[in-house]
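The block underneath contains the structure these notes are about, expressed in C-alpha cells.
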Amino acid sequence: GLDVVIAADRLVEETLFSSYMKGILSLNQTLRVQDSGVAAALHSLNHKFHLLLDTGNANIYGILKWHNTFKGSLQRVVLNNELPIVRIREVLKNLHCDSELLGFGALLIYYSQRKLLSNLEDSTQEQNFISEEAGPGSYRFVESQAGTVMYYSKELSLLEHTSELSDAGLNWMRIDL
C-alpha cells in the first residue's frame, strides 16, 4: 500500500509546542521531524517517526546518539549529504532502522525559525528572494510563517552514485523537485 509521511520539520518554539503536537498527532500518520523536542515527545508516546539529521549531525557519534535515544519509535534516519561514503558505510552498519539521503534537489544551507528578511508577522504568504551576489553561486531564500530557509542556487545530484549508496546499505534516496 501507499505510505504517507507528513513533513513536520519546523523548529517549534515553546509557546506553540502543545498546539503543534496536537495538530500533527491528529493527522495519524508517520511524521518527519527535525526538532529534538518534537522527536522526544513522539518517542514518549511511542509514535513512529523519521528523524531529519540532514542539516547537522555530520559525525557517527551524534547520529548514533539520536538513533539510540529514540530506538523503538525511530523508523528512518535522514542523513547529512555531506558525509563521505566511507562514513555513510560506517553509520549504516550501526543503524537498526531505515536510512535516507537526498539524492537530487535543492541543497539546504540554512534554516531559522525567525523571519530574517521581511516582516511577516501578519502575513500568511510565502515569499521568495534570490541573492544577487557576485561569485560562484547565488542563493535562494524562502520565507514563511515557519521561518527563513536558504538554499544554494545549484541542485545537489547524487543520482550517479545510486549503486554505490545502495551497496553501502542506504534504504531510501529522496528526490525533491
Side-chain angles (χ1 to χ4, degrees), residues 5-17 19-21 23-24 27 29-42 49-67 70 74 76-85 87-88 91 98-162 165 170 172-177:
V5 179
I6 306 294
D9 56 355
R10 77 182 283 181
L11 299 177
V12 185
E13 61 185 73
E14 195 65 41
T15 58
L16 301 175
F17 193 84
S19 61
Y20 185 78
M21 289 301 300
I24 63 173
L27 299 171
Q29 298 292 336
T30 301
L31 302 167
R32 296 173 66 90
V33 300
Q34 178 177 351
D35 188 298
S36 59
V38 173
L42 292 172
F49 65 94
H50 301 177
L51 185 60
L52 299 170
L53 299 178
D54 56 344
T55 57
N57 296 281
N59 61 70
I60 191 169
Y61 304 104
I63 295 166
L64 294 180
K65 173 65 175 169
W66 288 120
H67 171 264
F70 299 128
L74 189 58
R76 186 183 305 174
V77 172
V78 180
L79 298 172
N80 185 323
N81 56 31
E82 295 181 30
L83 291 171
I85 188 68
R87 200 65 58 229
I88 290 172
V91 168
D98 280 358
S99 56
E100 177 182 315
L101 195 63
L102 175 64
F104 182 85
L107 186 56
L108 177 67
I109 301 293
Y110 176 77
Y111 165 68
S112 172
Q113 67 187 40
R114 295 173 291 175
K115 291 161 259 328
L116 301 174
L117 303 173
S118 66
N119 182 4
L120 289 177
E121 292 301 321
D122 298 321
S123 174
T124 58
Q125 288 186 311
E126 183 176 280
Q127 295 187 26
N128 288 280
F129 304 90
I130 304 291
S131 71
E132 296 181 12
E133 296 284 323
S138 61
Y139 301 95
R140 182 170 59 94
F141 297 86
V142 177
E143 194 166 81
S144 69
Q145 283 301 108
T148 305
V149 181
M150 177 181 166
Y151 297 99
Y152 189 60
S153 61
K154 297 178 184 172
E155 296 191 334
L156 171 73
S157 179
L158 298 176
L159 298 178
E160 63 272 11
H161 301 286
T162 302
L165 290 164
L170 189 71
W172 299 90
M173 184 176 275
R174 187 176 77 251
I175 297 175
D176 288 348
L177 300 175

Item to check | Full working for side-chain contact (heavy atoms from CB on, under 4.5 Å) between V78 and E100 | outcome: CA-CA 5 Å; V78 180; E100 177 182 315; 3.9 Å; yes
Next on the checklist: If you apply the rule side-chain contact (heavy atoms from CB on, under 4.5 Å), what do you find for I24 with F49, and how did you get there?
Outcome noted: CA-CA 11 Å; I24 63 173; F49 65 94; over 6 Å; no
Next on the checklist: Using the rule given for side-chain contact (heavy atoms from CB on, under 4.5 Å), can you reason through D54 versus L102, listing the C-alpha separation, both sets of side-chain angles and the distance that settles it, and then say yes or no?
Outcome noted: CA-CA 8 Å; D54 56 344; L102 175 64; 5.8 Å; no
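Partners of D176 under the salt bridge (charged side-chain N to carboxylate O under 4.0 Å, His left out) rule, at least two apart in sequence or in another chain, are R174. For R114, the salt bridge (charged side-chain N to carboxylate O under 4.0 Å, His left out) criterion is met by no residue, not counting sequence neighbours.
Listed for the Y151 side chain is no donor-acceptor partner under 3.5 Å among the backbone atoms of G105. E143 places a side-chain N or O within 3.5 Å of a backbone atom of L117 that can act as its donor or acceptor partner.
Between I6 and T30, the closest side-chain pair of non-hydrogen atoms is not below 4.5 Å. Looking only at side-chain heavy atoms (C-beta outward), L165 and I85 come within less than 4.5 Å of each other. Side-chain contact between K154 and L107 is absent, with no heavy atoms from C-beta onward closer than 4.5 Å. Within the 4.5 Å cutoff, the side chain of V33 has no heavy atoms near those of the F70 side chain.
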Show me the donor-acceptor pairs within less than 3.5 Å that the side chains of residues 57-66 make with the rest of the protein, sequence neighbours left out.
unit_1, atom_1, unit_2, atom_2, d
N57, OD1, W66, NE1, 3.1
N59, OD1, Y61, N, 3.2
N59, OD1, G62, N, 2.8

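With a 6.0 Å radius and a threshold of 12 heavy atoms from other residues, nucleotides or ligands, Q113 has its CD atom above the threshold. More than 12 heavy-atom neighbours from other residues, nucleotides or ligands sit within 6.0 angstrom of CD on E160.
Of all heavy-atom pairs spanning V12 and V38, the tightest one is CG2-CG2, 3.9 Å. Scanning all heavy atoms of the two residues, the minimum distance from L158 to M173 falls at O-CE, 4.0 Å.
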